[in-house]
Amino acid sequence: MSASPHVSGGFLKAFWQSLALLCALGWGMGSCMPTEEEITPDAGAMLRFEADTVLFDTVFTQVGSITKRLKVYNPSKNAVRISEVRVGGLGSSAFQVYVNGMPGPQVQNLELRGRDSLLVLVKATINPTSAEQPFLVQDSLLFSTNGNQQKVKLVAYGQNATYYRRNYTTAPAETWTAAKAHVIYDSVTVPAGQTLTIKKGTQVYLHRRAKIKVQGTLLVEGEHEQRVVFQQVRQEETYRNAPGQWQGLEFLPASQGNEIRYAEIKNAVTGIYLRAEGATVPQVMLQNSFLKNMLQNGVLSHGGNLRLQNSMVANCGEYALAGLGGGRYEIIFSTLANYANEFIRLSPSFVFDEKWQANNNVVRQAPYHLIVLNSILWGRQDEELQFGAMGQSSSRIIRHSFLKTKAYVAEFDKLGNQLNVDPLFRDGPNSDFQIIKLSPANAAGEPVAGITLDYEDKARDAAKPDAGALEVDY
């Protein structure tokens, strides 16, 4: 029997309607791509950058820099296609990049989802030049998107350098100049009977655990406007004042005639270390120098002879100056102010003892002789002095100086000293030890033959000089 035309027509109509609905649903499902994945050709869909410049402070030639990160954002709700990311100088550029893990200098056809970001890693490797001073190296990182070209500047300060690899030993009469930076990887040793001379303006950079060991003689010949600087290799802002990034300068028993003038020694573990052995005693003179930001000690002496003149020591995790196991110490017109804001410091800043003990054993015992004149021994603790028991051969005298102490008031409250009187630095916690005009240290000193200038080569008052390294700045 054949089907009724009426039934057959209705069935066919319903069938075609259902089929059309299914097709429409299928087309709709296929077209429901998330907005953030839809690529827009809109020329107004611009990228946004974390910074407009990737800057490297100091990059030594022949040695690659650290890797810096740059985030690139797509603020649009739609995806964009970045047709090209390219370093301007391509393969000849000093800069190398990785874009989302893909190596440059040229990366093409990147899709960046809406309101998403990508990561660019940048390094710099600079070829040597004949330049004596730091020089500028520049390029650009170029982004092409929907017909737009945007750029981020790439900037590095290159520095030619001489490199001292593992266990370098100096020549009999070696001289370092400011023509290049000097980068020490492990240690530099000045042998007994030999001299290393470091000329004015020289910059010395030391890696972690690196040190200069002096068995012979070290002569640092800085000048006020061209100081010699001993510092860490890392120069980014985060590391600029971070303690403990290299070991320090070490003077061994036979080391004699050491003179450090107009130097800055910073961010080490111990800035200056002296070690005597029997009757063999190292000798060091620091003049117009600044030691700061030490993880442990500014100066640690185990029986050595030290003279500080027109010098400053600040921000040390343990001692600003410790003389243990004897030795001779002269502190003249100097400021030792140990606020040590980065540390929880329990020990006094200034410690002197005839004994040097390690693991409860006496390693060395000898008399010490201490002279402090026209100086400021200061810190944030109530007690900043500590003296061990004295034998008949030891001696200490302090005159016209500022001391932070409660235990030694009876001994030192004389000879022009001022105890527990704030010297009124301009900004001591931030290592600005310029005394202000109303400071009690103003005109509190006494003349010393041969010392007519202060730390900054300002003239000292001939009749009533100020206490500390810096004269009042009028």
Side-chain angles (χ1 to χ4, degrees), residues 12-59 64-127 135-158 235-238:
L12 290 173
K13 182 179 180 181
F15 171 78
W16 288 113
Q17 286 176 340
S18 299
L19 183 61
L21 178 62
L22 286 171
C23 289
L25 287 172
W27 179 86
M29 290 178 65
S31 66
C32 284
M33 180 181 295
T35 303
E36 65 270 17
E37 292 184 4
E38 289 184 15
I39 297 175
T40 177
D42 184 2
M46 307 284 281
L47 301 174
R48 183 167 58 84
F49 304 102
E50 181 180 22
D52 63 3
T53 303
V54 178
L55 174 65
F56 297 87
D57 288 330
T58 300
V59 179
S65 71
I66 61 164
T67 299
K68 292 210 167 187
R69 299 159 60 95
L70 174 72
K71 279 284 190 73
V72 180
Y73 300 96
N74 173 17
S76 171
K77 65 181 180 180
N78 295 111
V80 295
R81 177 172 283 112
I82 306 172
S83 55
E84 183 180 59
V85 180
R86 174 171 61 88
V87 178
L90 293 175
S92 63
S93 176
F95 299 94
Q96 303 85 47
V97 300
Y98 281 79
V99 183
N100 266 10
M102 293 180 284
Q106 189 175 26
V107 176
Q108 296 178 324
N109 294 323
L110 293 168
E111 291 185 8
L112 183 55
R113 291 161 55 103
R115 295 188 171 91
D116 202 353
S117 65
L118 61 82
L119 179 65
V120 180
L121 302 179
V122 185
K123 289 188 67 174
T125 304
I126 300 175
N127 292 324
F135 54 92
L136 197 61
V137 178
Q138 300 183 82
D139 207 331
S140 294
L141 191 57
L142 306 174
F143 295 79
S144 298
T145 310
N146 293 348
N148 297 309
Q149 188 168 87
Q150 296 172 267
K151 70 177 180 179
V152 174
K153 290 181 284 187
L154 305 177
V155 179
Y157 289 93
Q235 293 295 296
E236 304 92 310
E237 187 63 36
T238 307

*Going by the side-chain contact (heavy atoms from CB on, under 4.5 Å) test, name the single residue among Leu47, Val54, Val120 that passes it with Val152.*
Val54
*Shortest non-hydrogen contact from Thr40 to Ser76?*
CG2-OG, 4.5 Å
*Where is the tightest heavy-atom contact between Ser117 and Lys71, given as atom of each residue plus distance?*
OG-CD, 4.1 Å
*If you round to the nearest 0.5 Å, how far is CZ of Arg69 from CG of Leu119?*
5.0 Å
*Nearest 0.5 Å, what's the CG-CG distance between Leu154 and Leu142?*
8.5 Å
*Excluding sequence neighbours, so at least two apart, what forms side-chain contact (heavy atoms from CB on, under 4.5 Å) with Gln235?*
Asp57, Thr58, Tyr205, Gln231, Gln232
*Of the non-hydrogen atoms in Glu38 and Asn78, which two are nearest, and what is the gap between them?*
O-CB, 3.2 Å
*With distance as the sole test, does Ser83 use its side chain to make a donor-acceptor pair with the main-chain N or O of Ser144 at under 3.5 Å?*
yes
_Results of ring pair (Phe, Tyr, Trp, His ring centres under 6.0 Å) for Tyr157 - residues two or more places apart only_ = none
*Please round to the nearest 0.5 Å and tell me the distance separating atom OG1 of Thr53 and atom CG of Leu141.*
11.5 Å
*Could you check if a side-chain atom of Gln138 sits within less than 4.5 angstrom of a side-chain atom of Lys153, using non-hydrogen atoms only?*
no
*Checking side chain to side chain contact (heavy atoms under 4.5 Å, CB included) for the pair Thr145/Asn74: CA distance, chi angles, key distance, verdict?*
CA-CA 11 Å; Thr145 310; Asn74 173 17; over 6 Å; no
_Atom pair OG (Ser140) and CZ (Phe95), whose distance is rounded to the nearest 0.5 Å_ = 9.0 Å
*asked:* Counting C-beta onward and ignoring hydrogens, is there a side-chain heavy-atom pair between Val80 and Ile39 closer than 4.5 Å?
replied: no
*Of all residues at least two apart in sequence or in a different chain, which pass the ring pair (Phe, Tyr, Trp, His ring centres under 6.0 Å) check with Phe56?*
none
_Between Asp139 (side chain only) and Gly89 (backbone N and O only), is there a donor and an acceptor less than 3.5 Å apart?_
yes
*Could you tell me whether the side chain of Gln96 and the main chain of Ala94 form a donor-acceptor pair under 3.5 Å?*
yes
*Criterion side chain to side chain contact (heavy atoms under 4.5 Å, CB included) on Met102 and Leu110, from CA distance to verdict*: CA-CA 10 Å; Met102 293 180 284; Leu110 293 168; 2.9 Å; yes
_Heavy-atom pair with the smallest gap, counting every atom of Pro105 and Gly91_ = CG-N, 3.9 Å
*More than 12 foreign heavy atoms under 6.0 Å from OH of Tyr98: is that the case here?*
no
*How close do Pro41 and Asn146 get, heavy atom to heavy atom, and via which atoms?*
C-ND2, 3.5 Å
*How far does CG of Asp52 sit from NZ of Lys151, to the nearest 0.5 angstrom?*
10.5 Å
*At what distance, to the nearest 0.5 angstrom, does CG of Leu118 lie from CG of Leu112?*
5.0 Å
